[in-house]
Enquirer: 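Can you read through this structure? Questions will come right after.
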Amino acid sequence: MYTAHPDRYAEMPYRRTGRSGLKLPALSLGLWHNFGPDRPVETQRAILRRAFDLGVTHFDLANNYGPPPGSAESALGDALRADFAAYRDELVISTKAGYLMWPGPYGEWGSRKYLLSSLDQSLSRMGLEYVDIFYSHRPDPDTPLEETMGALHTAVQQGKALYVGVSNYSAEQTREAARILAELGTPLVIHQPRYSMLDRRPETGGLLEALDELQVGSIAYSPLEQGLLTGRYLNGIPEDSRAASDSPFLNSDAVTEELVGKLRTLHEIAGSRGQSLAQMALAWVLRQGRVTSALVGASSPRQLEDSVAAVGNLDFDADELARIDKIVKG
């Protein structure tokens with residue numbers, strides 16, 4: 001039987017999410033592509049146990065994570081029953097709904113019918129009475145935002161979610177979502193954008209500024225830019241990498257000689273900080289406290305340990321930040 005490490009809260013920093021009472025670990029574990037039937041169950045369980053032992057108390061999911069869709073939630077449900085039943089109140093578990101889950105007009109997007117049905121299915125797969133955070137995974141261009149936000153409010157009123165968030169919403173959409181939710185009495189607590197050293201859209205599009213003004217927390221996904229910032233591509237494209245496969249998330253055309261040159265220079269800066277490139281990339285996202293948490297995936301406990309080590313140095317001086325910007329922005 002699993003017993004959590006007694007010093008699990010000793011090293012991990014926890015950050016308040018916006019103006020809520022919810023605190024998240026600086027690094028959270030995303031159960032995106034490493035928690036499905038194609039991965040050994042014991043490896044999945046070992047990653048979850050090691051994460052919790054290191055103070056990673058937040059497990060982030062969505063209804064469509066796997067593959068196949070739903071399998072990550074089912075895998076977590078099995079792990080919760082086997083290892084974490086005694087620790088549920090120490091865990092923050094989040095899920096989302098927005099992408100395709102079942103056929104027909106009610107199987108995706110942001111209608112009240114889809115969101116609340118999906119949440120019920122997610123809770124069933126995980127064996128939970130509630131999730132800590134329930135997100136609208138993407139804005140629906142055809143459903144009124146009032147309906148989508150109203151469904152999130154209902155989830156809280158029903159006791160099936162403690163907090164609500166949005167993901168992939170623009171700055172303008174986020175402001176409107178926050179306004180609607182405030183009128184309903186259920187605050188918008190968190191936004192999950194894609195953000196990394198190589199993807200600055202939350203900065204250039206005004207999202208981070210909007211979140212600051214609204215006092216809404218944020219959790220960055222793809223902070224390692226689909227593996228580009230892990231150091232695997234310093235010598236080109238490895239045969240077993242995502243870019244070498246038929247992955248829709250990263251293709252070989254993106255790994256240009258110019259990009260590899262930038263990655264090598266960033267790697268040198270990381271080395272001068274006593275960090276790997278991946279650790280520096282995570283620290284960069286978390287710099288200055290603007291981002292509440294960064295989401296990392298893991299295919300092994302060792303990989304997770306390497307990511308968590310990033311919290312040992314989250315500070316950058318002005319020269320380091322200027323050099324990184326010059327490299328990335330060219």
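Values below: all heavy atoms of this structure, side chains included; hydrogens, waters and symmetry mates excluded.
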Enquirer: Is it true that S94 and H58 share a donor-acceptor pair across their side chains at a distance under 3.5 Å?
Expert: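 A donor-acceptor contact under 3.5 Å links the two side chains.
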
Enquirer: Can you tell me how far the OG1 atom of T230 sits from the NE2 atom of H267, to the nearest 0.5 Å?
Expert: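 If we round to the nearest 0.5 Å, T230:OG1 and H267:NE2 are 11.0 Å apart.
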
Enquirer: Just verifying a value: how many Å separate I93 CD1 and S122 OG, rounded to the nearest 0.5 Å?
Expert: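 OG of S122 is found 11.5 Å from CD1 of I93.
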
Enquirer: Do L286 and Y14 share a hydrophobic cluster, counting only Ile, Leu, Val, Met, Phe, Trp and Tyr and linking them when any side-chain heavy atoms are less than 4.5 Å apart?
Expert: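 Yes, L286 and Y14 fall within the same hydrophobic cluster.
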
Enquirer: Through direct or indirect side-chain contacts below 4.5 angstrom among Ile, Leu, Val, Met, Phe, Trp and Tyr, which residues connect to L116?
Expert: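 None; L116 is a cluster of one.
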
Enquirer: Please round to the nearest 0.5 Å and tell me the distance separating atom NE2 of H153 and atom CG of L181.
Expert: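 H153 atom NE2 to L181 atom CG measures 9.0 Å (nearest 0.5 Å).
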
Enquirer: Please list, chain by chain and in numerical order, all residues satisfying salt bridge (Lys or Arg N to Asp or Glu O under 4.0 Å) with R88, sequence neighbours excluded.
Expert: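 By the salt bridge (Lys or Arg N to Asp or Glu O under 4.0 Å) rule, R88 matches D132.
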
Enquirer: Taking the side chain as C-beta and beyond, is there a heavy-atom pair between T292 and K23 under 4.5 Å?
Expert: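 No - every pair of side-chain heavy atoms lies 4.5 Å or more apart.
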
Enquirer: According to side chain to side chain donor-acceptor pair (under 3.5 Å), does anything in residues 205-218 pair up with another residue at least two apart or in another chain? List the pairs.
Expert: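 Qualifying pairs, neighbours excluded: R175-E213, D212-R290.
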
Enquirer: How would you list all residue pairs meeting salt bridge (charged side-chain N to carboxylate O under 4.0 Å, His left out) that involve residues 71-87, not counting sequence neighbours?
Expert: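 Passing the test, one end in residues 71-87: R49-D83, E73-R125, D78-R81.
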
Enquirer: May I have all residue pairs that pass side chain to side chain donor-acceptor pair (under 3.5 Å) and include part of residues 310-323, sequence neighbours excluded?
Expert: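 Sorted result for residues 310-323: R273-E320.
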
Enquirer: Under the salt bridge (charged side-chain N to carboxylate O under 4.0 Å, His left out) rule, what pairs show up with a residue in residues 95-104, not counting sequence neighbours?
Expert: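 Applying salt bridge (charged side-chain N to carboxylate O under 4.0 Å, His left out) to every pair that reaches into residues 95-104, excluding sequence neighbours, yields D60-K96.
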
Enquirer: Tell me, please, which residues at least two apart from E305 pass salt bridge (Lys or Arg N to Asp or Glu O under 4.0 Å).
Expert: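 Scan of E305 (salt bridge (Lys or Arg N to Asp or Glu O under 4.0 Å), adjacent residues dropped) gives R50.
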
Enquirer: Looking at side-chain heavy atoms only, is the closest gap between V56 and V296 below 4.5 Å?
Expert: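 No, side chains not in contact.
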
Enquirer: Considering only Ile, Leu, Val, Met, Phe, Trp and Tyr, and joining two whenever side-chain heavy atoms are under 4.5 Å apart, list the other residues clustered with L22.
Expert: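 Listed partners: L24, V92, Y130, I133, Y135, L162, Y163, V189, I190, I219, Y221, L295.
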
Enquirer: Answer yes or no: is there an ion pair linking E176 with R179, defined by an N-O contact shorter than 4.0 Å?
Expert: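 Yes.
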
Enquirer: Kindly state each residue pair satisfying salt bridge (charged side-chain N to carboxylate O under 4.0 Å, His left out) with at least one member in residues 4-21, sequence neighbours excluded.
Expert: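 Qualifying pairs, neighbours excluded: R8-E90.
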
Enquirer: Which atom names give the shortest non-hydrogen contact between G297 and Q303, and what distance separates them?
Expert: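 Reported closest heavy-atom pair: O-OE1, 4.2 Å.
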
Enquirer: Heavy atoms, side chains only, cut-off 4.5 Å: are N63 and Y114 in contact?
Expert: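 The answer is yes; the side chains approach within 4.5 Å.
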
Enquirer: Between Q279 and D306, does any side-chain donor sit less than 3.5 Å from a side-chain acceptor?
Expert: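 Yes.
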
Enquirer: Using the side-chain hydrogen bond (donor to acceptor under 3.5 Å, both in side chains) rule, pick out the option among E225, R200, E203 that qualifies with Y195.
Expert: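 Only one of E225, R200, E203 forms a side-chain hydrogen bond (donor to acceptor under 3.5 Å, both in side chains) with Y195, namely E203.
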
Enquirer: Can you tell if the side chain of L198 reaches within under 4.5 Å of the side chain of V328, non-hydrogen atoms only?
Expert: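 Heavy-atom side-chain distance check passes, below 4.5 Å.
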
Enquirer: Under the 3.5 angstrom rule, does the side chain of S71 hit a backbone N or O of P68 as a donor-acceptor pair?
Expert: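 Yes.
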
Enquirer: Measure across P13 and V311 and return the closest heavy-atom pair with its distance rounded to 0.1 Å.
Expert: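 Closest approach of P13 to V311: CD-CB, 3.9 Å.
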
Enquirer: Side-chain contact, heavy-atom cut-off 4.5 Å: M197 with D325?
Expert: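 Side-chain contact under 4.5 Å: no.
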
Enquirer: Taking atom types as modelled, is there a side-chain donor on S136 or Y169 under 3.5 Å from an acceptor on the other?
Expert: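 Yes - a donor-acceptor pair under 3.5 Å links their side chains.
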
Enquirer: Scan for salt bridge (charged side-chain N to carboxylate O under 4.0 Å, His left out) pairs involving residues 146-162, sequence neighbours excluded, and state none if there are none.
Expert: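 Checked against salt bridge (charged side-chain N to carboxylate O under 4.0 Å, His left out) - neighbours excluded - the pairs reaching residues 146-162 are D120-K160.
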
Enquirer: Pairing donors with acceptors under 3.5 angstrom, does anything connect the side chains of Y65 and N34?
Expert: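 There is no such pair (donor and acceptor under 3.5 Å, judged by atom type) between the side chains of Y65 and N34.
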
Enquirer: So how far is it from H33 NE2 to Q226 CD, rounded to the nearest 0.5 Å?
Expert: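 So the NE2 of H33 and the CD of Q226 are separated by 8.0 Å.
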
Enquirer: Is it true that the side chains of S222 and S196 contain a donor and an acceptor less than 3.5 Å apart?
Expert: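 The criterion, which ignores hydrogens and geometry beyond distance, is not satisfied for S196 and S222.
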
Enquirer: Pairs of donor and acceptor atoms involving the side chains of residues 101-109, under 3.5 Å and at least two apart or interchain, shall be tabulated with distances.
Expert:
unit_1 : atom_1 : unit_2 : atom_2 : d
W102   : NE1    : Y106   : O      : 3.3
E108   : OE1    : R138   : NH2    : 2.8

Enquirer: Please check if the number of heavy atoms outside E42 that lie under 6.0 Å from its CD is greater than 12.
Expert: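 Counting other residues, nucleotides and ligands, CD of E42 exceeds 12 neighbours.
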
Enquirer: Taking only residues two or more places apart in sequence, or in another chain, which ones meet S170 in a side chain to side chain donor-acceptor pair (under 3.5 Å)?
Expert: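 For S170, the residues satisfying side chain to side chain donor-acceptor pair (under 3.5 Å) (neighbours in sequence not counted) are Q173.
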
Enquirer: Quick check for you: to the nearest 0.5 Å, what is the distance between L123 atom CG and Q121 atom CD?
Expert: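 Spacing of CG (L123) from CD (Q121) equals 10.5 Å.
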
